[in-house]
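Just so it is clear, the values below take in all heavy atoms, side chains as well, and ignore hydrogens, waters and symmetry mates.
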There are 2 protein chains.
Amino acid sequence: MSGKRSPARRPTMKDIARHAGVSQSAVSFALNGRPGVSEDTRDRVRRVAEELGWRPSTAARALSGEGAATVGFVLARPADTLGVDSFFLQLVSGIQEVLAERHLGLLFQVVEDIADECAVYRRWWAEHRVDGVLVVDPRTDDPRPDLLDELGLPAVVIGGAPDDRHPGLSTVWADDAGAMASVVDGLYALGHRRIVHIAGLPGLAHTERRIRTLRAEAGRRGLSEVQSVTTDYSDAEGAAVTRRVLEGPTPPTALIYDNDVMAVAGAATAAELGFSVPADVSVVSWEDSALCRIVKPWLSALSRDSVEFGRTAARELTALLDGGSARAVRVPVPRLIERGSTGVARDA
Amino acid sequence: MSGKRSPARRPTMKDIARHAGVSQSAVSFALNGRPGVSEDTRDRVRRVAEELGWRPSTAARALSGEGAATVGFVLARPADTLGVDSFFLQLVSGIQEVLAERHLGLLFQVVEDIADECAVYRRWWAEHRVDGVLVVDPRTDDPRPDLLDELGLPAVVIGGAPDDRHPGLSTVWADDAGAMASVVDGLYALGHRRIVHIAGLPGLAHTERRIRTLRAEAGRRGLSEVQSVTTDYSDAEGAAVTRRVLEGPTPPTALIYDNDVMAVAGAATAAELGFSVPADVSVVSWEDSALCRIVKPWLSALSRDSVEFGRTAARELTALLDGGSARAVRVPVPRLIERGSTGVARDA
DNA sequence: TTTAGTGACTAATACGCATTAGGATCACCG
DNA sequence: CGGTGATCCTAATGCGTATTAGTCACTAAA
C-alpha cells in the first residue's frame with residue numbers, strides 16, 4: 001500500500017517497458033504491430049500491457065500526429081426548438097455504433113446558429129480536437145462547406161444534395177425529390193387536387209428541395225391550388241398553419257407535414273375544427289415515429305431508417321479519415337407507410 | 001501564395017514567438033497571464049496570437065498535465081428505446097450551455113447497458129480523454145459510483161439520491177418523493193382512491209423512489225387499490241399496461257405515467273376503450289413537453305425545467321473540476337400543471 | 001577472416017505546451 | 001565600485017507516444 005487512497009495512476013509505456021525489461025520503443029513497436037521485435041517479446045509486452053490495463057493516451061497520440069481519434073457533431077438549433085425530435089437521437093445512435101467499433105469519440109455540441117457553429121469548427125480545428133465532422137441541416141446558402149474546405153477538415157454532410165464545388169466533402173442524402181413525387185402521385189391518385197405542404201425551416205436544403213419538387217409536380221399536373229408553407233418545425237406553428245389553411249375559403253383535402261410533431265398537432269387541430277381525418281382531409285407525416293401511432297387514426301408516414309442513416313454517414317466519415325476520397329451516397333428513398341390518415345378525397 | 005492548396009497549417013506558440021521576436025516561453029507566460037513579461041510584450045504577443053488565430057492544442061495541454069478540457073456523458077439505452085425522449089436533449093442542451101462558457105467539450109456516447117458504460121469510463125480514463133463525467137439514470141444497485149471512485153474521476157450523478165458512501169461524487173437530484181406525495185394529495189382530494197402508477201424501468205433509482213413513495217402514501221391513507229407497474233418507457237408498454245388495468249374488474253380512476261410518451265399513448269388507449277378523460281379516468285404525465293399539448297384534452301403534467309437541470313449538473317461538475325468538494329444539490333420540486341386531463345373521480 | 005547483411009533491440013528526437021531553473025541588464029545601496 | 005535585488009527574458013525539461021537513426025551480435029557470403 002503506497003498512499004492512503006492513491007487515485008490509481010495511469011500506466012504508461014514506460015511502465016510496460018520496465019515490467020517487461022525492454023526499451024520504451026520496443027514496447028511501441030510491439031503494440032503497434034511494427035517490425036523490429038521478436039514474436040516472443042511482442043507477446044510478452046502485449047501481456048504486460050493487458051495486465052497493467054494500459055491504453056494509449058489520446059492526448060499523446062494526437063500530439064505525435066495520429067489525430068485526435070474524435071469526430072465532431074454540432075447541432076445548431078435554439079434550445080427550445082430541440083424538444084421532441086426523434087430524428088437526431090436516432091441519427092446519433094447510428095453514428096455511435098460505427099464510431100464505437102473504431103474507438104472514435106464523438107464530440108457533441110449544441111449551439112444557437114450557424115455562425116456559432118462555424119466558430120466551433122474553427123476552434124475544434126485550431127485546438128486539434130477533432131479529425132473530422134458530421135454536418136447536419138445543410139442550407140441552400142451554406143457557409144460551412146467553404147469553411148471546412150479551407151480548414152481541410154474532413155466532413156460528411158448529412159442530408160445535403162451532392163455538391164460538385166466541394167470535392168473534399170462527402171454527402172449522404174435521401175432522395176427527397178423522389179419521395180415527394182411519389183407522395184404527390186399517391187395523393188393525386190386518390191383524387192386530391194388541393195394540397196398544402198407544411199414545410200420545415202426555410203433555407204434548409206431539404207426543405208427547399210421538397211418545396212421545389214412539389215411545385216414542379218403540381219405544375220406538371222396543372223394543379224393551381226397546391227402550396228408550401230414554411231414553419232419552425234414546432235407543434236405550435238404546425239397547428240397554426242393547419243388552422244389557417246383549413247379555415248380558408250377552399251380548404252385543402254390533403255396535408256403533408258415535414259415532421260411527426262407537426263403532423264400530430266395538425267391532425268389534432270383538424271379534428272378540433274370539425275374536419276374528419278381522413279374523410280375530410282388526408283394527413284401525411286414526413287417522419288415516422290411512435291408519435292404517429294399515438295393519435296387516432298394512425299398517421300400515414302414516410303419512414304426512413306434514421307439509425308441506418310447515421311451509420312452510413314459515420315462510415316463515410318471513417319472512410320475519409322482513412323484517406324478515402326469523398327463521394328456522394330444516396331440512402332434508400334423513404335417509403336410511405338399507409339395507415340389510417342390517408343384516403344380518397346371527399347370531392348373526388 | 002505558398003503551395004497549391006496548403007490546407008492551412010495550425011499556428012503554434014513557436015510561430016507566435018517568431019513573429020513577436022521573443023522566446024516561446026515568453027509567449028506562454030504572456031498568454032497565460034503569468035508574471036515574467038512586461039505589459040508591452042504581453043500585449044504584443046496577444047495581438048500576434050489573435051492575428052494568427054492561435055488556439056492552444058488541447059492535446060498538448062492535456063499532455064502537460066492540464067487535463068483534457070472535456071467531460072463525458074454516456075447514455076446507456078438500447079438504440080430502440082431512444083425514440084421520442086425530450087428529456088435528454090434538453091438536459092444535454094443545458095449542460096452544453098455551461099460547458100461552452102468554459103470551452104469544455106462534451107464527449108458523448110450511447111451504449112447498450114451499464115456494463116458497457118463502465119467499460120467506456122475505464123477507457124476514457126485510461127486514454128486520458130475526459131476530466132470528469134456526468135452520470136444519468138442512477139440505479140438502486142449501481143456499480144458506477146464505486147468505479148468512478150476507484151478511478152478518481154470527478155463525477156456528478158444526475159437524478160440520484162444523495163449518497164454518503166461516495167464522498168467524491170456530487171449529486172443533483174429532484175425530490176421525486178415530494179412530487180409524488182403532492183400528486184397523490186391532489187388526486188386524493190379529487191376523490192380518487194384507485195390509482196395506478198405506470199412507472200419507468202425497474203431498478204432505476206428514481207423509479208424505485210416514486211414507487212416507494214406511492215406505496216407509503218397509499219398506506220398512510222389506507223388505500224389498498226393503488227399499485228405501480230414498471231415498463232420500459234415505450235409507448236407500446238404504456239398502452240399495453242393501460243389496457244390491462246382498465247379492462248380489469250375494478251379499473252382505476254387515475255393513472256400516473258412516468259413519462260410523456262406513455263401518458264399520451266395511455267390516454268389514447270383509454271379513449272379507445274371508451275373511457276373518457278377526465279370524466280372516467282384522470283391522467284397525469286410525469287414529464288411535460290409539447291406532446292402533452294398535442295392530444296385532447298391536454299394532459300396535466302409535472303413540469304420540471306430539464307434545461308436548468310442540465311445547467312445545474314454541469315455547474316456542479318465544473319466546480320468539482322476546479323477543486324471544489326462534492327455536494328448534493330436539490331433542484332426545485334417539479335410542479336403539477338393542471339390541464340384538462342385531471343378531474344373529480346367518477347365514483348367520488 | 002573479413003565483409004556485407006539481417007534481426008532485435010536501444011537511444012534520440014519530435015509533437016505543442018507548461019514550467020522550472022538560469023542568465024543578462026539595470027537600478028539602487030552601501 | 002562591488003554587491004543585492006528586481007525585472008524581463010531565454011534555455012532546458014517533462015508530459016506519453018511514434019518514429020528515425022543508430023548499435024550490437026550474429027550469420028551468410030566472399
Side-chain angles (χ1 to χ4, degrees), chain A residues 8-46 48-49 52-70 103 123-131, chain B residues 8-46 48-49 52-70 103 123-131:
Chain A
R9 213 177 58 81
R10 265 169 274 255
T12 75
M13 287 191 140
K14 207 181 283 179
D15 298 318
I16 301 179
R18 190 151 22 80
H19 276 78
V22 292
S23 77
Q24 180 270 119
S25 357
V27 175
S28 177
F29 293 150
L31 295 174
N32 294 325
R34 290 279 138 90
V37 285
S38 65
E39 277 312 305
D40 267 13
T41 312
R42 195 183 294 278
D43 278 358
R44 188 156 38 92
V45 168
R46 280 216 184 101
V48 174
L52 263 50
W54 177 86
R55 299 244 71 209
S57 148
T58 41
R61 266 226 156 101
L63 198 55
S64 50
E66 294 298 283
T70 306
H103 289 254
R123 198 151 55 71
W124 279 352
W125 172 79
E127 290 178 352
H128 230 119
R129 259 181 181 285
V130 299
D131 301 328
Chain B
R9 211 177 59 80
R10 265 169 274 253
T12 76
M13 288 191 139
K14 207 181 281 179
D15 298 319
I16 301 179
R18 191 150 25 77
H19 276 77
V22 292
S23 77
Q24 184 264 36
S25 358
V27 173
S28 178
F29 292 150
L31 295 175
N32 294 324
R34 289 281 139 91
V37 285
S38 65
E39 276 312 303
D40 266 14
T41 311
R42 195 182 295 275
D43 278 359
R44 188 155 40 93
V45 167
R46 281 214 184 104
V48 174
L52 264 50
W54 177 85
R55 297 245 71 208
S57 148
T58 41
R61 267 229 156 96
L63 200 52
S64 48
E66 296 296 284
T70 306
H103 289 253
R123 200 152 53 72
W124 279 352
W125 172 80
E127 290 178 351
H128 229 120
R129 256 180 184 287
V130 298
D131 301 327

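- Atom-to-atom, NZ of B:Lys14 to P of D:dA11 comes out at 13 Å; the value is rounded to the nearest Å.
- Summarising the geometry, the separation between CE on A:Met13 and P on C:dT10 is reported as 13 Å, rounded to the nearest angstrom.
- At C:dT19, one or more side-chain N or O atoms of B:Arg34 fall inside 4.0 Å of OP1 or OP2 (strictly under the cut-off).
- Considering only side-chain atoms of A:Ser38, the nucleotide from D:dT17, D:dG16, C:dC9 that sits closest is C:dC9.
- Regarding A:His128, its NE2 atom lies at a distance of 16 Å from the C1' atom of D:dC15, rounded to whole Å.
- Across all strands, B:Ser28 comes closer than 4.0 Å to base atoms (heavy-atom distances).
- Residue A:Arg55 is in sugar-phosphate contact alone, with no base atom involved, counting any heavy-atom pair closer than 4.0 Å across all strands shown.
- Applying the 3.5 Å distance criterion, the base of C:dA11 shares a donor-acceptor pair with the side chain of A:Ser25.
- For A:Arg61, the listed nucleotide lying nearest its side chain is D:dT17; candidates were C:dA18, D:dT17, D:dC9.
- Rounded to an integer number of Å, the gap from B:Glu66 CD to D:dC15 P is 14 Å.
- Screening A:Arg61, A:Arg10, A:His103, A:Arg55 for a side chain to side chain donor-acceptor pair (under 3.5 Å) involving B:Glu127 leaves a single residue, A:Arg55.
- At distances below 3.5 Å, at least one donor-acceptor pair connects side-chain atoms of A:Asp15 with backbone N or O atoms of A:Thr12.
- Toward the 5' end of DNA chain D, the nearer of the two residues B:Gly65 and B:Gln24, judged by each one's closest nucleotide, is B:Gln24.
- Heavy atoms of B:Gly36 sit under 4.0 angstrom from at least one base atom.
- When rounded to the nearest whole Å, the span between CD1 of A:Ile16 and C1' of D:dT17 equals 11 Å.
- Going from atom CG of B:Asp15 over to atom P of C:dG16 covers 9 Å, rounded to whole Å.
- Rounding to the nearest 0.5 angstrom, the gap separating the CG atom in A:Leu63 from the NE2 atom in A:His128 is 7.5 Å.
- Here the nucleotide nearest the side chain of A:Ser64, chosen from C:dC17, C:dC15, C:dT10, is C:dC15.
- As a whole-Å value, the separation of A:Phe29 CZ from C:dT10 P is 10 Å.
- Side-chain contact, B:Ser57 with A:Arg129: no donor N or O sits under 3.5 Å from an acceptor N or O.
- Within the structure, a side-chain polar atom (N or O) of B:Trp54 is placed less than 4.0 Å from OP1 or OP2 of C:dC17.
- With 3.5 Å as the limit, one finds no donor-acceptor pair spanning the side chains of A:Ser25 and A:Ser28.
- The nearest heavy atom of DNA chain D to B:Ala26 and to B:Ala60 marks one nucleotide each, and the one closer to the 5' end goes with B:Ala26.
- In this model, the phosphate group of D:dT17 is not approached by any side-chain N or O of A:Asn32 to a distance below 4.0 Å at OP1 or OP2.
- To the nearest angstrom, P of D:dT13 lies 18 Å from CG of B:Leu63.
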